[in-house]
**Student:** 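Attaching a single structure in structure tokens format; questions to follow.
We name chains A, B, ... by the order of the sequence lines, and we start the count at 1 in each one.
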Number of protein chains: 4
Amino acid sequence: MPQRLTVRGNKRRTQIIDYAARKFAADGYHETSVADIVNGLGVGKGVFYWYFESKDALLKEILVDAQRDLRRKQRQAIADEPDPLRRISAAIRTSFVWLSSNVHLFLLLEQAKTDERFYNLVRHGEEMAVADALPHVKAGMDAGMIRRDDPLVIAHAILGVTTSLARLLIVDNKEDPLLAADRAIAFCMSGVSFNGKAKERPAGIL
Amino acid sequence: MPQRLTVRGNKRRTQIIDYAARKFAADGYHETSVADIVNGLGVGKGVFYWYFESKDALLKEILVDAQRDLRRKQRQAIADEPDPLRRISAAIRTSFVWLSSNVHLFLLLEQAKTDERFYNLVRHGEEMAVADALPHVKAGMDAGMIRRDDPLVIAHAILGVTTSLARLLIVDNKEDPLLAADRAIAFCMSGVSFNGKAKERPAGIL
Amino acid sequence: MPQRLTVRGNKRRTQIIDYAARKFAADGYHETSVADIVNGLGVGKGVFYWYFESKDALLKEILVDAQRDLRRKQRQAIADEPDPLRRISAAIRTSFVWLSSNVHLFLLLEQAKTDERFYNLVRHGEEMAVADALPHVKAGMDAGMIRRDDPLVIAHAILGVTTSLARLLIVDNKEDPLLAADRAIAFCMSGVSFNGKAKERPAGIL
Amino acid sequence: MPQRLTVRGNKRRTQIIDYAARKFAADGYHETSVADIVNGLGVGKGVFYWYFESKDALLKEILVDAQRDLRRKQRQAIADEPDPLRRISAAIRTSFVWLSSNVHLFLLLEQAKTDERFYNLVRHGEEMAVADALPHVKAGMDAGMIRRDDPLVIAHAILGVTTSLARLLIVDNKEDPLLAADRAIAFCMSGVSFNGKAKERPAGIL
DNA sequence: AATGAATGAGCATTCATTCAT
DNA sequence: TATGAATGAATGCTCATTCAT
């Protein structure tokens, strides 16, 4: 609501965003009341509405921020990589690394995606991530490295594998993100079959 | 609450379950009130609590029913298939067919999975589906048809691809479920690469 | 909110309307909370919203009902009166009688008229009252009994005198409504001057 | 709160009073928050409470100022007029002129009159206006120019006509105030009947 | 004089659940 | 079995007012 924030104000704002994101992820958006948030922070209820127009607006901001942050990281990771398959691998790896240090945001995104009110927002972010990946998938096809299919389908399948294994390996099993990424990459490259020519040589930590 | 239901009572019950499931899927569980349900059915509020202990209990029943139904269908489809890869393909294909005629249940399951209160329930159902698939994955590995990795990881990756492409191709694009399934199978079999020996010969409709 | 009300329900509804109207008039609409109303009636908060969509909706209903009631009474009083001036007098007299037994509704109408949200509603009711009076004013002009001016202006002036003297004589001084009406009629007929030919012979109760 | 204001401080104060008066009149006192006022003026919230003890106190000051201003103007207009009826006419005319250039204050007074908290204040101002008019009404009666009735009733009736026609002709129809005043005067002088001897010769501007 | 931040009681409204009939 | 009525805790949000700087 206020136009310009002081340094103190900006700290408060960030504090609320961070606390709320974790609480939403842990207890659920609907189950977390504004009262829970402000009480948890030990501030008055008015503080919340000083910084955010509504509870919905806060979640939207969290979601947009999270997706923007992940996207930015992915672009950086891909930037210097000429090989299409390696680009895709790098993107997957970045996702796992980002996710493992932002588990709450991952869970929150998954949650929001199933809520009519936020579905479009999350979906839009995903579409952009998919759109980012599309050129590389196409380039891979043109270079004969990737089998021909609708690139959109390929991209969504990769997203599905990433999401699914992130939940299993990172959230539940708390595995190392780079090792987990390698397994997702392996599946995306050759599915259940043995490595074909599409297999890239992983540049992971080990 | 009631022990035994008359024939009429059973119809009412089923009617409520069906209406509620669609409403929950369309508008969201939290956004759908018990009043919405009973008003939509043109009955009094007492009816609801005659048949169900609570709103939560109703959703749980819907979820369990849905997962049981899908699982039963998958078992039937797999029963006569000796080849491990074909079993997996058949399971995927069954999922797509079931999903395409139960889109609301698919969406509801996705939704419930992100809700703390129902997460364990849905997860438990998924674990069973994964458990069902596990022997086939292992058999495939033993037969040298599937590369060696943690079978659980493979199973979850397949689940991720299925879920992701079901949403894209069935829910959003309303594609034919068997064609959609073939694309998911293709990805699961060989990822982005060209079909290796792991590729099964599809036995789809065409 | 409910479609059909039982006898009991209708009683409750009327009870709420009546209690709220008096409370609104006494303490002010804004100053009276829904909690005040339900506590005053000794019922739960949900009861209010079982019968009314909102606090605003309740006030609107009170206002419309009040204006409809007054209008109906005025029409009855005028029905058998052939003389234009006597019709006007009868309408004024009816207003005073109605007002004296519905002081709270009078005050509430005055209050609502100054509230942006209800202004149009009240104004619309007044316009109808004025429209009811217009033909008689015109008839009086045509018959040479009323001086020529915009009938709308005349009608509003009469309304102004009625409102103003009702507040002074009925609300504040608690005078007899018929005597009070006679004073308003006298002013409307000849203003500050002595009775000219426009003076009607009062047919008041005494 | 502050005892003495600097020149700049006085300007601020006047600025707030003026802005708030218009906002209150346009949107309603309750609907206008202190935040609305300070934001509309582009100043901080503290400013408001530097100059005014409370929101209520501000409105009270606006109301008192408005009534004092109108009263002062009426006294000036009446000062040199010996004829009782002409005095009354002059007062009515002054009201219309003042109202037409202070529509927001007129509306605000009407609004405040229906609010328990401000009723007494506004009423007190009106009583003083009535008290101002009373001697002239009495003088008119003594001179045989005005029919005998309770002067208070006559004065309130005049006030009612003025208020009612001001709303119709000035606020709604935006008529010329002097022409509008003439119509109010005509009604006050002879009601609906033709001009008797009570009719004064209007000394309006034209 | 002025600002942005903070307070917290209060408000309208919702809704799962219970109850009398 | 079924209904309409009732409950009341909880929620998101507002806003007059105060405070630290």
**Student:** Taking only residues at least two apart or on different chains, which pairs with a member in residues 20-44 of chain A satisfy salt bridge (Lys or Arg N to Asp or Glu O under 4.0 Å)?
**Tutor:**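 Non-adjacent pairs meeting salt bridge (Lys or Arg N to Asp or Glu O under 4.0 Å): A:D18-A:R22, A:K23-A:D27, A:E31-B:R117.
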**Student:** Roughly how many Å apart are E:dA1 and F:dT21, using the P atom of each and rounding to a whole number?
**Tutor:**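 F:dT21 and E:dA1 have their P atoms separated by 23 Å.
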**Student:** What residues, two or more places apart in sequence or in another chain, satisfy salt bridge (charged side-chain N to carboxylate O under 4.0 Å, His left out) together with A:E127?
**Tutor:**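 For A:E127, the residues satisfying salt bridge (charged side-chain N to carboxylate O under 4.0 Å, His left out) (neighbours in sequence not counted) are A:R123.
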**Student:** Within the 4.0 Å limit for protein heavy atoms, which parts of nucleotides 15-21 of chain E are touched? Write it as a string from 5' to 3', B for base, S for sugar-phosphate only, - for none.
**Tutor:** BSBB---
**Student:** Which residues in residues 15-28 of chain C have at least one heavy atom lying under 4.0 Å from any atom of DNA chain F?
**Tutor:**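 DNA chain F contact set from residues 15-28 of chain C: none.
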**Student:** How long is the line joining CH2 of B:W50 and C1' of F:dG4, in whole Å?
**Tutor:**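 Checked: the CH2 to C1' distance equals 17 Å.
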**Student:** Using salt bridge (charged side-chain N to carboxylate O under 4.0 Å, His left out) as the criterion, list what pairs up with C:R72, not counting sequence neighbours.
**Tutor:**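 For C:R72 the salt bridge (charged side-chain N to carboxylate O under 4.0 Å, His left out) partners, ignoring immediate neighbours, are C:D69.
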**Student:** Over all heavy atoms of both residues, which pair between A:A21 and A:L105 is shortest? Give the atoms and the distance, please.
**Tutor:**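 In this case the closest contact between A:A21 and A:L105 is CB-CD2, 4.1 Å.
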**Student:** Checking A:E110 now: which residues fulfil side chain to side chain donor-acceptor pair (under 3.5 Å) with it, not counting sequence neighbours?
**Tutor:**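 Testing A:E110 for side chain to side chain donor-acceptor pair (under 3.5 Å), a comparison that skips the adjacent residues, returns none.
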**Student:** Please determine whether a side-chain nitrogen or oxygen atom of D:Y51 lies at a distance below 4.0 Å from atom OP1 or OP2 of E:dA2.
**Tutor:**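 Checking D:Y51 against E:dA2: at least one side-chain N or O falls below 4.0 Å of OP1 or OP2.
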**Student:** Any salt bridge (Lys or Arg N to Asp or Glu O under 4.0 Å) pairs touching residues 57-66 of chain C, not counting sequence neighbours?
**Tutor:**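 Pairs touching residues 57-66 of chain C that pass the test: C:R13-C:E61, C:D65-C:R68.
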**Student:** Please name all residues satisfying side chain to side chain contact (heavy atoms under 4.5 Å, CB included) with D:A20, sequence neighbours left out, ordered by chain then number.
**Tutor:**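 Scan of D:A20 (side chain to side chain contact (heavy atoms under 4.5 Å, CB included), adjacent residues dropped) gives D:F24, D:I37, D:L58, D:I62.
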**Student:** Distance check needed: E:dT3 C1' versus D:L41 CG, whole Å only.
**Tutor:**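 Result: 15 Å.
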**Student:** Figure out the NZ/P separation between D:K11 and E:dA1, and round it to whole Å.
**Tutor:**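 The distance from NZ of D:K11 to P of E:dA1 comes to 13 Å, rounded to the nearest Å.
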**Student:** Show me the dot-bracket string of DNA chain E, counting Watson-Crick or G-U pairs under 3.5 Å, with | for pairs to another strand and [ ] for crossing ones.
**Tutor:** .||||||||||||||||||||
**Student:** Could you note down all residue pairs passing side-chain hydrogen bond (donor to acceptor under 3.5 Å, both in side chains) where residues 48-59 of chain A supplies at least one of them, sequence neighbours left out?
**Tutor:**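 Checked against side-chain hydrogen bond (donor to acceptor under 3.5 Å, both in side chains) - neighbours excluded - the pairs reaching residues 48-59 of chain A are A:Y29-A:D56.
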**Student:** Mind checking C:F52 for me? I need base, sugar-phosphate or nothing, with any heavy atom below 4.0 Å counting as a touch.
**Tutor:**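 Here C:F52 touches no strand at all.
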**Student:** So, using side chain to side chain donor-acceptor pair (under 3.5 Å) as the criterion, who are the partners of B:T32 when residues are at least two apart?
**Tutor:**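 If we apply the side chain to side chain donor-acceptor pair (under 3.5 Å) test to B:T32, skipping adjacent residues, there are no hits.
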**Student:** Taking all heavy atoms of A:G44 and all of A:V38, pick out the closest pair and write down the distance.
**Tutor:**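 Closest approach of A:G44 to A:V38, heavy atoms only: O-CG1, 3.7 Å.
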**Student:** Specify the separation, in whole Å, of atom CZ of C:R4 and atom C1' of F:dG4.
**Tutor:**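 Answer to the nearest Å: 14 Å.
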**Student:** With DNA chain F as reference, determine whether B:R12 or C:V7 sits nearer its 5' end, using the nearest nucleotide of each.
**Tutor:**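 The residue mapped nearer the 5' terminus is B:R12.
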**Student:** Between P on E:dT13 and CG on C:L58, what's the gap in Å once rounded to a whole number?
**Tutor:**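 Rounding to the nearest Å, CG of C:L58 and P of E:dT13 are 10 Å apart.
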**Student:** Check side chain to side chain donor-acceptor pair (under 3.5 Å) between B:Q67 and all other residues, then give those that pass, not counting sequence neighbours.
**Tutor:**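 B:Q67: no side chain to side chain donor-acceptor pair (under 3.5 Å) contacts found.
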**Student:** Is there a side-chain contact between C:T6 and the phosphate of F:dT3, meaning an N or O under 4.0 Å from OP1 or OP2?
**Tutor:**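 So the side-chain polar atoms of C:T6 never come under 4.0 Å of the phosphate oxygens OP1 or OP2 of F:dT3.
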